[in-house]
There are 2 protein chains.
Amino acid sequence: MELYEPDVAAVPVTTILSALGDEARLEIVRELHRDGERCCGTFDLGLAKATRSHHLKVLREAGVTHTRIEGTSRYVSLRRDELERRYPGLLSAVLATAPTP
Amino acid sequence: MELYEPDVAAVPVTTILSALGDEARLEIVRELHRDGERCCGTFDLGLAKATRSHHLKVLREAGVTHTRIEGTSRYVSLRRDELERRYPGLLSAVLATAPTP
DNA sequence: ACTCATGTTCGACAATCGTCGAACATGCAC
DNA sequence: GTGCATGTTCGACGATTGTCGAACATGAGT
């Protein structure tokens with residue numbers, strides 16, 4: 001079985017920005033940036049399974065993440081290169097860590 | 001009279017991304033990027049005045065734009081330097097022009 | 001086969017968002 | 001003053017979104 005993952009260049013930039021503009025989803029992206037590939041279940045966001053699944057779907061359909069299926073688990077990772085090629089600097093800007101009081 | 005404009009560093013990045021993640025608002029940002037300062041009424045987005053006013057407020061309160069009052073008109077501009085200092089490369093990445101279907 | 005673990009999908013719900021017309025505020029010009 | 005132009009604010013409305021529990025699907029292990 002295959003999961004739908006759009007071509008990054010075909011996704012409106014507003015869709016990507018909206019996907020990143022949610023606290024839960026951005027936290028997922030931060031952890032993916034820090035850890036690389038992660039199994040779905042390892043995201044502890046204080047949300048129900050259904051909600052987490054929804055957020056991962058939004059990120060995937062925005063072209064932000066790639067999902068690899070292995071058994072009953074799904075491994076998620078950032079589509080760094082493709083994002084960087086289409087929107088150079090976007091990811092690093094969004095992930096810019098700084099004194100956020 | 002003064003308009004509330006937050007410190008960019010105090011605005012959650014998700015707020016900025018959500019503000020940019022709307023087609024009408026991003027179009028405003030694009031035109032500001034191209035033209036520099038613009039008078040509110042010069043944005044022809046095919047929307048009602050009230051809606052345009054709402055979008056400009058969202059952008060302003062997200063720290064994206066600055067508004068200067070002159071008579072009954074308001075002149076809007078991008079807060080480029082402050083955004084660049086807090087999120088280097090964000091604006092140019094978002095405005096990356098390319099085949100956006 | 002049965003069970004367990006991992007996720008997704010299906011309603012449903014409340015909250016937020018984008019949109020509008022109408023009313024209001026403010027400053028300029030006559 | 002009276003008008004006029006520029007914008008904002010105030011409900012209101014429908015659409016979208018984030019959230020959840022329950023049901024479902026799938027694969028691994030016993």
Side-chain angles (χ1 to χ4, degrees), chain A residues 1-6 11-32 35 37-77, chain B residues 1-6 11-32 35 37-77:
Chain A
M1 189 214 176
E2 277 300 311
L3 288 180
Y4 170 63
E5 288 174 5
V11 179
V13 64
T14 47
T15 300
I16 298 180
L17 294 171
S18 294
L20 298 174
D22 176 274
E23 205 54 59
R25 289 194 291 265
L26 188 54
E27 178 57 27
I28 293 176
V29 171
R30 287 197 193 98
E31 300 188 13
L32 289 176
D35 303 342
E37 196 180 54
R38 283 271 297 266
C39 184
C40 285
T42 66
F43 295 103
D44 189 10
L45 306 164
L47 297 174
K49 273 195 312 176
T51 308
R52 180 188 58 199
S53 191
H54 161 71
H55 285 313
L56 289 170
K57 181 178 184 178
V58 171
L59 286 172
R60 187 179 65 245
E61 295 187 343
V64 176
T65 57
H66 166 70
T67 301
R68 179 174 64 84
I69 303 183
E70 189 176 314
T72 66
S73 299
R74 279 130 196 259
Y75 291 87
V76 186
S77 55
Chain B
M1 189 215 177
E2 277 299 313
L3 287 180
Y4 170 63
E5 288 174 4
V11 179
V13 64
T14 47
T15 300
I16 298 180
L17 293 171
S18 295
L20 298 174
D22 175 273
E23 206 53 59
R25 289 194 292 265
L26 188 54
E27 179 57 27
I28 292 175
V29 171
R30 287 196 193 99
E31 300 188 13
L32 289 176
D35 303 342
E37 197 181 53
R38 282 271 297 266
C39 184
C40 285
T42 66
F43 295 103
D44 188 10
L45 305 163
L47 296 174
K49 274 196 310 178
T51 308
R52 180 187 59 199
S53 192
H54 161 71
H55 285 313
L56 289 170
K57 181 178 186 179
V58 171
L59 286 172
R60 187 179 65 246
E61 296 187 342
V64 176
T65 58
H66 167 69
T67 302
R68 178 174 64 85
I69 303 183
E70 189 176 314
T72 66
S73 299
R74 280 131 196 257
Y75 291 87
V76 187
S77 55

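Within every chain, numbering begins at 1; the chains are lettered A, B, ... in the order of the sequence lines, protein sequences first and strands thereafter.
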Mind checking if A:L47 touches a base, just sugar-phosphate, or nothing, with heavy atoms under 4.0 Å? sugar-phosphate
Phosphate OP1/OP2 of C:dG18 contacted by B:R25 side-chain N/O (<4.0 Å): yes
Classify B:H55 by what it touches in the nucleic acid, base, sugar-phosphate, or nothing, heavy-atom distance under 4.0 Å. sugar-phosphate
How many whole angstroms separate atom CG of B:L17 from atom C1' of D:dT17? 17 Å
Closest approach of A:L59 to A:A19 (non-hydrogen atoms, all atoms of both residues): CD2-O, 4.0 Å
Give me each pair satisfying salt bridge (Lys or Arg N to Asp or Glu O under 4.0 Å) with a member in residues 60-73 of chain B, each pair once, sequence neighbours excluded. B:E37-B:R68, B:R68-B:E70
Does B:T51 put a side-chain nitrogen or oxygen below 4.0 Å from OP1 or OP2 of C:dG18? no
B:K49 or B:A24, whichever maps to the more 5' nucleotide of DNA chain C: B:A24
Looking at every strand, decide which applies to A:A48 at a 4.0 Å heavy-atom threshold: base, sugar-phosphate, or nothing. sugar-phosphate
Rounded to whole Å, the CD-C1' distance (B:E23 to D:dA15) equals 17 Å
B:E61 CD to C:dC17 C1': how many Å, rounded? 14 Å
Quick one: are B:V29 and B:L20 in side-chain contact, heavy atoms under 4.5 Å? yes
Would you say D:dT26 has OP1 or OP2 under 4.0 Å from some side-chain N or O of A:R74? no
Expressed in angstrom and rounded to an integer, what is the separation of A:K57 atom NZ from C:dT9 atom C1'? 8 Å
Can you confirm whether more than 12 heavy atoms, excluding those of B:D35, are under 6.0 Å from its CG atom? yes
C:dG7 P sits how many Å from A:I28 CD1, rounded? 12 Å
Are any non-hydrogen side-chain atoms of B:Y75 and B:S73 less than 4.5 angstrom apart? yes
Scan A:S73 against the nucleic acid and name what it touches under 4.0 Å (heavy atoms): base, sugar-phosphate only, or nothing. sugar-phosphate
Whole-Å distance separating the CD atom of A:E70 from the C1' atom of C:dA5: 15 Å
Sorted by position of nearest nucleotide on DNA chain D, 5' first, the leading residue of B:H54 and A:G46 is B:H54
Is there a side-chain contact between A:S53 and the phosphate of C:dT8, meaning an N or O under 4.0 Å from OP1 or OP2? yes
Gap between atoms CD1 and C1', on A:I69 and D:dA28 respectively (whole Å): 16 Å
Between C:dG7, D:dT6, C:dA5, spot the one nearest the side chain of A:C40, thanks. C:dG7
May I have the distance from B:L56 (atom CG) to C:dG18 (atom C1'), rounded to whole angstrom? 14 Å
